[in-house]
Number of protein chains: 2
Amino acid sequence: MSEPFVLDGFLPYRIAVLAGRLSREFSRVYQDRFGLSRAEWRVMAHLSQEAEVSVREIHARVDMDKSKVSRAASRLEEAGIVTKRISERDRRLVVLALTEKGSAMMAELARAAQDYQAELIARLGPGAEGFLAGMAAMTSPTEAATRRHAGPAEAAAGQ
Amino acid sequence: MSEPFVLDGFLPYRIAVLAGRLSREFSRVYQDRFGLSRAEWRVMAHLSQEAEVSVREIHARVDMDKSKVSRAASRLEEAGIVTKRISERDRRLVVLALTEKGSAMMAELARAAQDYQAELIARLGPGAEGFLAGMAAMTSPTEAATRRHAGPAEAAAGQ
DNA sequence: CCCCGTTCATTGCAACTGCAGCGAAGAATG
DNA sequence: CATTCTTCGCTGCAGTTGCAATGAACGGGG
């Protein structure tokens, strides 16, 4: 029964290491070429999905604290990559949108991202499907144990 | 060919989110019960594998900057969880080891970790093997693209 | 119409992070 | 040996992080 604990086999650890490695690998693209931080890249990536998004929406979907989103957005605005304006429907909301410059950057980044994604799939080989299925199972809200209050995106935070 | 870029399908992103979620989920154990940070937990976990380890060894294997290891070790020492002493064979090395108190904590943590691991495997269900195979493939040093100078543990950093 | 509880985004603050640089100790070279 | 190069752990520092608190704006109930 009680196998000795083996760190190298512990899934949260293994996945965290993998995530760090992939993240770092791809960060070369947006960091070297555009000087973006990971947080900034994520905000941009999210904006490429829906043209106009509020800080709250990004916070809710992405694994980022809302202050992190806020500050990333400010830096992007300062760099002329996104615009911030107050929503007319709800004046508490800040609506983010890519500028033309931002869109051009994002187009290039999207291409690079797809190339990288293709390479990863290639690395996975035929086992890709199994891996993706596992990701889904893991991500699913089974959470038998460790039930939590939880908020948007699991109260974000972390990383 | 050129599918539009979809953030939710981008593997580095998905894996990062998953890693964050699992990490946070399990961190409740060592954080709530023992007040450990993630870095401290990792150092302890590593120490549970081999009784005596140097800062450098942890830095090399784990995805942690050496200063991070150093400071985590200092905090653990202050808390009476590990001891630091200078190696006799090489007086540059600092040898870390769990104290009795630390061992007791680690035993409890190991149990919790195994429970959590079991739950994760359960979540994965029959697809577990495929997932683990994918992890291995992904981690493997295929790295066709993005070759790097690299150092210990991919020059650590990140996360 | 006016409260009052809630939802947003931002900001202050303390803690943490990574990086560069340091001194001490070992290894290599002649 | 003396000299130089490398390895190891630590620390200063600037930048970042998460958390809590703030203030503005909604929205519902009386």
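Within every chain, numbering begins at 1; the chains are lettered A, B, ... in the order of the sequence lines, protein sequences first and strands thereafter. For the numbers below, each heavy atom of this structure counts, side chains included, while hydrogens, waters and symmetry mates do not.
- OP1 or OP2 of D:dG9 lies within a sub-4.0 Å distance of a side-chain N or O belonging to B:Ser54.
- Taking 4.0 angstrom as the limit, B:Lys84 places none of its side-chain polar atoms (N or O) nearer than this to OP1 or OP2 of D:dG9.
- Atom CE in A:Met64 sits about 16 Å away from atom C1' in D:dC19, given to the nearest Å.
- When each of B:Leu109, B:Val29, B:Ile81 is paired with B:Phe34, the side chain to side chain contact (heavy atoms under 4.5 Å, CB included) condition holds for B:Leu109 and for no other.
- Using a 3.5 Å distance cut-off with no hydrogens or angles, the side chains of B:Tyr116 and B:Glu25 do pair a donor with an acceptor.
- Spacing between atom CD1 of A:Ile58 and atom P of C:dC8 amounts to 14 Å, rounded to whole angstrom units.
- When distances run from any side-chain atom of B:Arg56 to the nucleotides D:dG9, C:dA9, C:dG18, the shortest one goes to D:dG9.
- Look at B:Arg92 and you won't find any side-chain N or O under 4.0 angstrom from OP1 or OP2 of C:dG26.
- Computed from coordinates, the A:Asp65 CG to C:dT10 C1' distance equals 12 Å when rounded to whole Å.
- For A:Arg75, taking side-chain heavy atoms from C-beta onward, the closest of the listed nucleotides C:dT17, D:dT16, C:dT10 is D:dT16.
- Atom pair B:Arg91:CZ and D:dT7:P shows a separation of 20 Å (rounding to whole Å applied).
- Not a single donor-acceptor pair, N or O on each side, falls under 3.5 Å between the base of D:dG27 and the side chain of A:Arg89.
- OP1 and OP2 of D:dT16 both lie 4.0 Å or more from every side-chain N or O belonging to A:Ser37.
- In terms of hydrophobic clustering, with Ile, Leu, Val, Met, Phe, Trp and Tyr side chains grouped at heavy-atom distances under 4.5 Å, A:Val53 and A:Val95 are assigned to different clusters.
- Between D:dG18 and A:Ser67, no contact under 4.0 Å exists linking OP1 or OP2 to a side-chain N or O.
- If you find the closest nucleotide of DNA chain D to A:Glu88 and to A:Glu40, the one lying nearer the 5' end belongs to A:Glu40.
- Screening residues 98-113 of chain A for side chain to side chain donor-acceptor pair (under 3.5 Å) gives A:Arg33-A:Glu108 as the qualifying pairs, with residues at least two apart or on separate chains.
- You'll find that the side chain of A:Ser70 is closest to C:dT11, out of D:dG18, D:dT11, C:dT11.
- Following rounding to the nearest Å, A:Lys68 (NZ) and C:dA9 (P) show an atom-to-atom distance of 17 Å.
- Minimum atom distance to the side chain of A:Val55 is reached by C:dA9, of the listed D:dC26, C:dA9, C:dT17.
- The environment of CD in A:Glu129 is sparse: at most 12 heavy-atom neighbours from other residues, nucleotides or ligands sit within 6.0 Å.
- Atom C1' of nucleotide D:dG27 and atom CG of A:Leu93 are separated by 14 Å, given to the nearest angstrom.
- Per the geometry, NZ belonging to A:Lys66 stands 10 Å off P belonging to C:dT7, to the nearest Å.
- At a cut-off of 3.5 angstrom, counting only N and O atoms as typed in the model, there is a donor on one side and an acceptor on the other between the side-chain of A:Arg71 and the base of D:dG18.
- A straight line from CG of B:Asp90 to C1' of D:dT6 spans 12 Å, rounded to a whole angstrom.
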